[in-house]
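Protein chains get the first letters and strands the later ones, always in sequence-line order, with residue 1 at the start of each.
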Amino acid sequence: MILDVRNISTVFHLRRADIHAVKDVSFQLFKGETLGIVGESGSGKTVLCQSILGLLPKPPVKTSGHAYFDNTDLLDCDSKKLRQIRGNQISMIFQDPSSAFNPYLRLSEQLIEPLISHGYKSRKNALEKARIILSETKIPQPQKRMYQYPHEFSGGMLQRAMIGMALITNPRIVIADEPTTALDVTVQARILQLMKRLQNQYSLSIIFITHNLGIVAGFCDRVVVMYAGVVLETASTADLFNHTAHPYTKALIKSVPSIDNSKDSLYMIPGMPPDPAARLSGCPFEPRCRYRTDKCLKSENRLRETGKNHFTSCIRVLESELSL
Amino acid sequence: MGKFILKRIFLETLPSLLVIITVTFFLIRLAPGGPFSSEKQISAEVLEQLNSHYGMDKPLFAQYFSYLLNICKGDFGPSFKYPGRTVTELISESFPVSLELGLYALIFAILTGILAGVVAALKPGSFMDYFTMSVSMAGICIPAFVLGPLLVLVFSLKFGWVNVSGWNTFSDRILPSITLGMMYVAYIARLTRGGMLETMVQDFIYTARSKGLSETAVIFKHALRGALLPVISFMGPAAAGMISGSFVVETIFSIPGLGRFFVTAAFNRDYTMILGTVIFYAIIIIIFNTLVDIIQTILNPRLRNY
Amino acid sequence: MSEKPQDIKAIPSGNSLWKEGMGRFMHNKLAIFGSVFLFILVLLCVLAPLIAPYSYETQNLSYGSEPPGSSHIMGTDPLGRDLFTRILYGGRVSFSVGLCATAVSVLVGVIWGSFAGWFGGKIDTIMMRMVDIAYAFPFTIFVIILMVFFERSMLLLFAAIGAVEWLTMARIVRAQVMSIKHQEFIDAARGLGLSTHRIIFRHILPNITGPVIIYSTLTIPAVMLLEAFLSFLGLGVQPPASSWGILIREGAETMEEYPWLLVFPGLALSLTLFSLNFIGDALRDALDPRSSRE
């Protein structure tokens with residue numbers, strides 16, 4: 001186990017209301033595996049990862065819980081220590097490469113920053129490393145391209161560069177926040193291929209945030225399903241698809257368009273995701289769930305094992321009233 | 001870059017200058033009174049002599065064209081008020097003083113303004129924010145002709161730390177520079193704050209933090225560059241204004257700069273001196289605006305594909 | 001997502017933007033303070049002939065240069081004139097110059113800018129080119145020349161200052177008109193067969209009032225500053241009329257002996273500028289949601 005997240009809750013104290021974006025989430029990440037975090041927008045998956053790395057502005061945001069990385073609790077260490085880990089041991093890849101790079105600085109300058117800020121002394125060696133990593137991400141003519149500015153690259157090329165930037169310090173964990181959402185479908189596949197190859201080469205653990213179940217199926221070893229700030233189900237990818245144990249997961253899988261059901265109308269989960277400002281008791285998916293009973297309102301919404309390494313919070317599945 | 005500057009000169013600078021010269025020329029010539037009207041005991045004969053000496057007996061349009069022709073040769077003509085001296089001489093004597101004062105004021109304004117703006121933007125809505133912005137608002141609301149005398153009152157007359165006026169020692173430079181720079185401090189601080197607030201919420205700031213950069217590096221390396229773009233476009237006219245000399249500051253502190261010369265020239269209807277200074281000022285403004293465009297292109301690589 | 005009937009309530013009515021803006025304005029304490037201060041000061045100035053404790057020109061050399069005290073709350077000048085009275089009368093001039101010159105600049109700027117923006121194309125290019133050229137004009141110099149060479153009258157002062165300040169207004173209005181012109185509701189109005197001047201007056205002008213009001217509030221202090229500056233140089237209002245600029249100039253001459261003659265007029269001008277700027281900033285934050293982050 002490389003990262004052990006325990007009972008993280010994140011609250012935004014805003015003027016209007018307190019927003020509970022993440023509620024009591026726990027998960028583990030193992031060496032070399034790819035963990036998918038799946039959920040609709042607003043389900044708290046991005047905030048969860050930001051909380052782990054301490055990237056949220058402190059005054060309005062309060063995070064509680066633990067995230068153990070190498071016996072260090074990331075949520076309980078000073079900002080200097082955290083900075084040494086950030087970008088060095090754990091790095092991030094973002095959704096929109098065109099806005100995630102500073103438009104005013106050359107790519108080379110931004111690529112070597114993780115090295116320089118973690119005590120790398122020689123600029124020349126850092127630049128050489130940057131060139132090597134760019135060629136590994138299959139950017140043509142890296143020697144020339146790295147001295148260009150971000151606006152001179154296409155989105156796909158920039159995303160390759162960002163992957164290179166994340167890997168340049170040889171990190172142990174990469175958190176990828178919807179890294180392919182802003183890209184064309186054909187480019188998406190190539191970026192995923194690239195990540196897979198580099199993962200093996202650098203023996204990385206990857207946390208892959210996405211709303212796309214198709215990508216999860218092809219790319220992730222294990223999956224955490226989030227909804228309204230809580231985890232509803234965690235399982236290996238195969239179990240998640242073959243032995244689905246939560247009605248929400250089932251609904252998500254059903255709403256992926258596929259050739260088989262395209263003749264019928266596309267499946268839509270009825271209703272809307274809940275207002276994050278409202279704090280509900282019981283299962284958060286209850287209002288939209290077609291299998292709901294009065295019991296669901298009173299359930300304490302805790303993950304329990306339903307199969308080997310397969311956890312769900314659905315009380316009806318757990319009590320074997322329901323099989324999906 | 002060369003093509004850009006050439007285009008600038010021929011399509012923008014020269015037409016602007018021509019309009020400015022023409023308007024000023026006819027404005028001052030068509031107004032009642034003349035350079036010699038204030039001297040009372042002057043006979044009609046002498047007046048006629050003077051007029052023909054300065055070529056003022058010719059038709060106005062002829063004078064206009066010969067003036068334009070002379071300017072092209074770099075000749076701004078003789079001064080009416082200071083006999084035997086040319087306008088070029090007078091400007092080249094007084095401008096360095098204004099330039100020096102302007103540069104000090106500029107440095108003071110840029111350093112203080114940017115620092116204040118950054119500090120205020122770091123915690124918007126905090127006490128520091130309100131404090132810095134109120135002080136910088138004071139720079140806008142307490143005009144130089146109030147601030148200058150007040151500074152003299154306190155630091156020269158009361159404490160006796162610096163001279164009341166003059167332009168001899170280094171300490172003579174302090175009060176005028178602060179007086180002249182204060183207004184610009186205010187504007188720069190406000191623009192910097194606005195730019196910083198806008199930049200600090202961009203995605204790339206977030207990326208920089210995720211790379212483990214210190215907050216200082218995030219602010220000064222990543223945020224400030226973009227945040228300063230609006231400041232720089234403001235700096236064009238502002239720097240031109242500071243360097244070309246402020247009439248008020250030069251008057252208050254008795255500094256022999258271009259601004260004071262201009263006011264004297266205007267009061268004396270020294271035609272050539274007025275025209276010469278106006279053209280000189282206009283050129284300075286244009287030069288600074290061009291400089292600003294160049295600096296912006298350097299700072300913002302996205303502008304380079306013109 | 002299906003549209004539910006209750007969604008209709010969420011659509012803002014025409015007034016709500018203004019109402020909401022005013023609500024935000026009322027939350028800004030500095031702006032409220034500024035408005036109250038300004039209201040009282042303007043009222044005092046307007047009522048000066050009725051309430052001023054002394055006549056504004058009466059000289060009384062035996063009471064010359066008195067420091068602030070019970071009979072003269074702000075002291076007297078070397079000629080024995082009551083400073084408080086003179087500040088009130090000077091304020092009448094300063095405020096009227098501020099308002100009239102701003103009115104001139106608003107009028108010229110709005111007409112110029114909306115014409116350029118509405119017609120677009122060549123007309124727009126030529127009109128805005130002229131504004132660009134005017135921007136390169138050293139304006140303080142221009143005003144100084146005007147004031148030196150022509151008979152100094154209040155009218156000329158209004159015209160001169162107004163002529164300086166209209167440029168930015170023209171640019172703002174043009175940009176606003178351009179952006180509104182291409183919005184769909186204008187096409188719709190055209191499609192309904194509305195006449196051009198009806199479109200301009202019913203649809204375009206109401207939509208540019210926000211920015212115009214905001215910028216006008218910020219123009220008034222700029223104009224008052226320019227007037228004071230000209231008066232300070234001896235080029236503005238002519239004695240025996242008086243403005244704050246003249247009082248400051250007189251005060252600066254004798255500040256070593258009688259500092260109150262500089263401090264009080266300076267305070268009057270600065271506090272007024274503070275108030276106007278606070279109000280202008282608050283209005284911008286309140287009415288222009290895009291700039292409210294700044």
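- Inter-residue side-chain proximity for B/Q202 and A/N102 is flagged as unmet; no heavy-atom pair is nearer than 4.5 Å.
- Both the backbone and the side chain of A/L55 come within less than 4.5 Å of a heavy atom of chain B.
- Considering all non-hydrogen atoms of both residues, B/K211 and A/P114 come closest at CD-CG, 3.5 Å.
- Within 6.0 Å of CZ in A/F153 there are more than 12 heavy atoms belonging to other residues, nucleotides or ligands.
- Contact tally against chain A (heavy-atom pairs below 4.5 Å) for B/R209, B/K221, B/K123, B/E215: the top residue is B/K221.
- We find the OG-CD1 distance between B/S210 and A/I175 to be 9.0 Å, quoted to the nearest 0.5 Å.
- By the 6.0 Å contact criterion, OH on B/Y130 is open, its count of non-hydrogen atoms from other residues, nucleotides or ligands being 12 or less.
- Residue pairs meeting the ring-ring contact (aromatic ring centres under 6.0 Å, His included) criterion with at least one member in residues 45-65 of chain A: none, sequence neighbours excluded.
- Counting heavy atoms from C-beta outward, B/F204 and A/S99 have side chains that stay 4.5 Å or more apart.
- Neither the backbone nor the side chain of A/Q84 has a heavy atom closer than 4.5 Å to any heavy atom of chain B.
- Around the OH atom of A/Y147, the shell of radius 6.0 Å holds more than 12 heavy atoms that belong to other residues, nucleotides or ligands.
- Sequence neighbours left out, the pairs with a member in residues 80-135 of chain A that pass ring-ring contact (aromatic ring centres under 6.0 Å, His included) are A/F94-B/Y206.
- Contact detail for A/R83 and B/L213: the closest heavy-atom pair is CD-O, 3.1 Å.
- Proximity to chain A (any heavy atom under 4.5 Å) is shown, for B/T199, by neither the backbone nor the side chain.
- B/T207 pairs with exactly one of A/Q110, A/M165, A/E113 by the side-chain contact (heavy atoms from CB on, under 4.5 Å) rule, that one being A/M165.
- In this structure, A/K80 NZ and B/S214 OG are separated by 11.0 Å, a value rounded to the nearest 0.5 Å.
- Residues B/P301 and A/P103 share a closest heavy-atom pair of CG-O, 3.0 Å.
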